[in-house]
Amino acid sequence: MRLSIKKETWPLKAGFAISRAALTHSYIITVEITVGAHTGRGECEAHESDVSYLEVVAKEIESVRPFLKEGFARRDLATLLPAGPARNALDCALWDLEAKQSGERIWDVVQISMPSAFATAFTIGVDTPENMAGVASENADKSLLKLKLGAGDNLSRVRAVRSAAPQARMIVDANEAFSFPELVQFADACTEYGVELIEQPLPKDADDELVAYRGDIPLCADESCTNRRSLPSLLAKYAYINIKLDKTGGLTEALALAEAAKRCEMGVMVGCMVGTSLAMAPAMVVATFADFVDLDGPLLLGNDRSSALQYDGDQICLPAKELWG
């Protein structure tokens, strides 16, 4: 097995903000694992806003090189690396390699039905109500809009977007920015605007208050949900979890987490960091189990990879074999 690690910086199409950071670039690591004539690829985002993490994550990936020998399997990664971006890139590269070696599509390898396409949310970064309404108006044909929220008058943001895109479904993501009283007040006030889901309202290490939440809009865990070990602590606080491969450490754990969540009767969202089509493709396998799909990362970039995913309105077509899987 030959391992290649490439550190990449991808500029965003425009500035994009969440509650804790303003993003201008995506800091990505691409991994290639080659056996004979076949090469599997995987991608991770090292950090949402800190370029120095490219070196940190690259060193984590490099630490696995001595173990990449004949017979190395995905299950071995869990003993070598914790859940996180480094393991994700390697895990997805090994899935891609297996698909290419077998000559099968990834859905055949995983043994689930191959869909034709998925509808994805379109994400609007936190901004003034007027600016968010402008983005919403330009994307009013999308079936599902996801609003990033933060400090300030979030209800005005919701109201402005609803006015600009009256037919779109809407979910919101606070990225840990609320207090519990703020959440209760916001949820009560915005029910009339058709908000279907509130994602990660409180900080991940301070969300125990959510056991007392009685609002009509269900809550979704993002930062609080990493892998299967985090699931039991979420059951009394959230109705949904957001599965991201950079958190779970790859497709292997993401699929196991999705199945565990369904057994617990929790809803599933599959989400993403800001990445290229190579990062979205393996997450599309998880989308088979998802109630909400949020895989619009490439739409925020200035450009994408060759053999990129094709977005037709809010529909994502399946990845080409040349891209992944």
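The shown structure was predicted, so the numbers you read here are calculated from the model rather than taken from an experiment. Both backbone and side-chain heavy atoms feed into the values below; hydrogens, waters and symmetry mates do not. Each residue takes its place number in the sequence, starting with 1.
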Legend entry - Cluster check V57, L94: I/L/V/M/F/W/Y, side chain < 4.5 angstrom: yes

Legend entry - F72 ring center within less than 6.0 Å of F67 ring center: no

Legend entry - Side-chain heavy-atom pair P201, F180 within 4.5 angstrom cut-off: no

Legend entry - Sub-4.5 Å side-chain heavy-atom contact between F118 and V270: no

Legend entry - Pair K146 + E199, salt bridge at N-O below 4.0 Å: yes

Inset, instruction - Report yes or no: does S19 contribute a side-chain atom to a donor-acceptor pair with the main-chain N or O of A177 at less than 3.5 Å? - result: no

Legend entry - T191 and D216 side chains, donor-acceptor separation under 3.5 Å: no

Legend entry - L183 side chain near L210 side chain, heavy-atom distance below 4.5 Å: yes

Inset, instruction - For the pair L234 and I241, evaluate side chain to side chain contact (heavy atoms under 4.5 Å, CB included) and give the outcome as yes or no after the intermediate values. - result: CA-CA 8 Å; L234 306 177; I241 59 169; 3.9 Å; yes

Inset, instruction - Just jot down the side-chain contact (heavy atoms from CB on, under 4.5 Å) partners of S4, sequence neighbours excluded, or say none. - result: E32

Inset, instruction - Starting at CG of D76, measure out to CG of D91 and round the result to the nearest 0.5 Å. - result: 11.5 Å

Inset, instruction - Could you verify whether a donor N or O on one side chain and an acceptor N or O on the other, from T120 and D296, lie under 3.5 Å apart? - result: no

Inset, instruction - Check the side chains of N227 and T248 for a donor-acceptor pair under 3.5 angstrom, ignoring hydrogens and angles. - result: no

Legend entry - Verify same cluster id: L23, I28 (apolar side-chain graph, 4.5 Å): yes

Legend entry - Heavy-atom side-chain proximity of L301 to T276 below 4.5 angstrom: yes

Legend entry - Donor-acceptor under 3.5 Å (E182 side chain, S179 main chain): yes

Inset, instruction - Give a yes or no answer on whether the side chain of D127 reaches the backbone of A17 with a donor-acceptor pair at less than 3.5 Å. - result: no

Legend entry - Distance-minimising heavy-atom pair for C44 and A86: SG-N, 4.4 Å

Inset, instruction - Check for a donor-acceptor pair, side chain of K13 on one end and backbone N or O of L299 on the other, with a separation under 3.5 Å. - result: yes

Inset, instruction - With salt bridge (charged side-chain N to carboxylate O under 4.0 Å, His left out) as the test, would you mind laying out the steps for E98 and R74 before giving the verdict? - result: CA-CA 10 Å; E98 182 176 343; R74 287 187 304 276; 2.6 Å; yes

Inset, instruction - Tell me whether the centres of the aromatic rings in Y27 and Y53 are closer together than 6.0 Å. - result: no

All N/O donor-acceptor pairs, side-chain side in residues 315-325, below 3.5 Å, sequence neighbours left out:
unit_1 : atom_1 : unit_2 : atom_2 : d
W324   : NE1    : R41    : O      : 3.1
W324   : NE1    : C92    : O      : 3.0

Inset, instruction - Find the distance between CD (E209) and NZ (K237) and round it off to the nearest 0.5 Å. - result: 11.0 Å

Legend entry - Cluster check V293, V195: I/L/V/M/F/W/Y, side chain < 4.5 angstrom: yes

Inset, instruction - Work out which heavy atom in G150 is nearest to a heavy atom in V126; give both atom names and the distance. - result: N-CG2, 3.9 Å

Legend entry - Euclidean distance, N154 CG relative to I198 CD1, rounded to 0.5 Å: 10.0 Å

Legend entry - Side-chain donor-acceptor contact under 3.5 Å, Q200 with D173: no

Inset, instruction - Run the numbers on V268 and Y240 for side chain to side chain contact (heavy atoms under 4.5 Å, CB included), then give the verdict. - result: CA-CA 5 Å; V268 169; Y240 291 79; over 6 Å; no

Inset, instruction - In sequence, state the C-alpha distance, the side-chain angles, and the governing distance for L144 and F122, and then conclude on side chain to side chain contact (heavy atoms under 4.5 Å, CB included). - result: CA-CA 6 Å; L144 179 62; F122 180 82; over 6 Å; no

Inset, instruction - Could you state whether L77 and L251 fall into the same hydrophobic cluster, counting links through intermediate Ile, Leu, Val, Met, Phe, Trp or Tyr residues with side-chain heavy atoms under 4.5 angstrom apart? - result: no

Legend entry - Nearest-0.5 Å distance that lies between atom OG1 in T252 and atom CG in L257: 12.5 Å

Legend entry - Atom pair CZ (R65) and CG (L3), whose distance is rounded to the nearest 0.5 Å: 4.5 Å

Legend entry - Main-chain N/O of G271 paired to N242 side chain as donor or acceptor, under 3.5 Å: yes

Legend entry - Electrostatic pair D314-K142, nearest N-O below 4.0 angstrom: no

Inset, instruction - Might you confirm whether atom CD of Q185 has over 12 heavy atoms from other residues, nucleotides or ligands at distances under 6.0 Å? - result: no

Inset, instruction - Flag the pair M132 / L147 as yes when at least one side-chain heavy-atom distance between them is below 4.5 Å, and no otherwise. - result: yes

Legend entry - Taking every non-hydrogen atom, the tightest pair across A221 and Y238: N-CD2, 3.3 Å

Inset, instruction - Looking only at non-hydrogen atoms, find the nearest pair between G40 and D96 and report the distance. - result: CA-OD2, 3.4 Å

Inset, instruction - Examine M273 and V51 and state if one hydrophobic cluster contains both, with Ile, Leu, Val, Met, Phe, Trp and Tyr joined whenever side-chain heavy atoms are less than 4.5 Å apart. - result: no

Legend entry - Distance, nearest 0.5 Å, that separates CD of Q167 from CZ of R162: 8.5 Å

Inset, instruction - Kindly indicate whether the side chain of P129, heavy atoms from C-beta on, has any atom under 4.5 Å from the side chain of R159. - result: no

Legend entry - Set of side chain to side chain donor-acceptor pair (under 3.5 Å) partners for D153, sequence neighbours left out: S156

Legend entry - Whether K247 side chain and D222 backbone form a donor-acceptor pair below 3.5 Å: yes

Legend entry - Electrostatic pair R305:E43 at N-O distance under 4.0 angstrom: yes

Inset, instruction - Grab the two heavy atoms, one from K100 and one from T39, that are nearest each other, plus how far apart they are. - result: CD-O, 3.1 Å

Legend entry - Side-chain (S230) to main-chain (C225) donor-acceptor, under 3.5 angstrom: no

Legend entry - Lys/Arg-Asp/Glu bridge criterion (N-O < 4.0 Å) met for K59, E62: no

Legend entry - Passing candidate, salt bridge (Lys or Arg N to Asp or Glu O under 4.0 Å) with E176, options R20, K204, K148: R20

Legend entry - Heavy-atom side-chain proximity of F289 to I243 below 4.5 angstrom: no

Inset, instruction - Could you tell me whether the side chain of E70 reaches within less than 4.5 Å of the side chain of M1, counting heavy atoms only? - result: no

Inset, instruction - Test side chain to side chain contact (heavy atoms under 4.5 Å, CB included) on L90 and N88 and set out the steps. - result: CA-CA 5 Å; L90 287 161; N88 175 34; over 6 Å; no

Inset, instruction - Please report the closest heavy-atom contact between E48 and I18, naming both atoms and the distance. - result: OE1-CD1, 3.7 Å

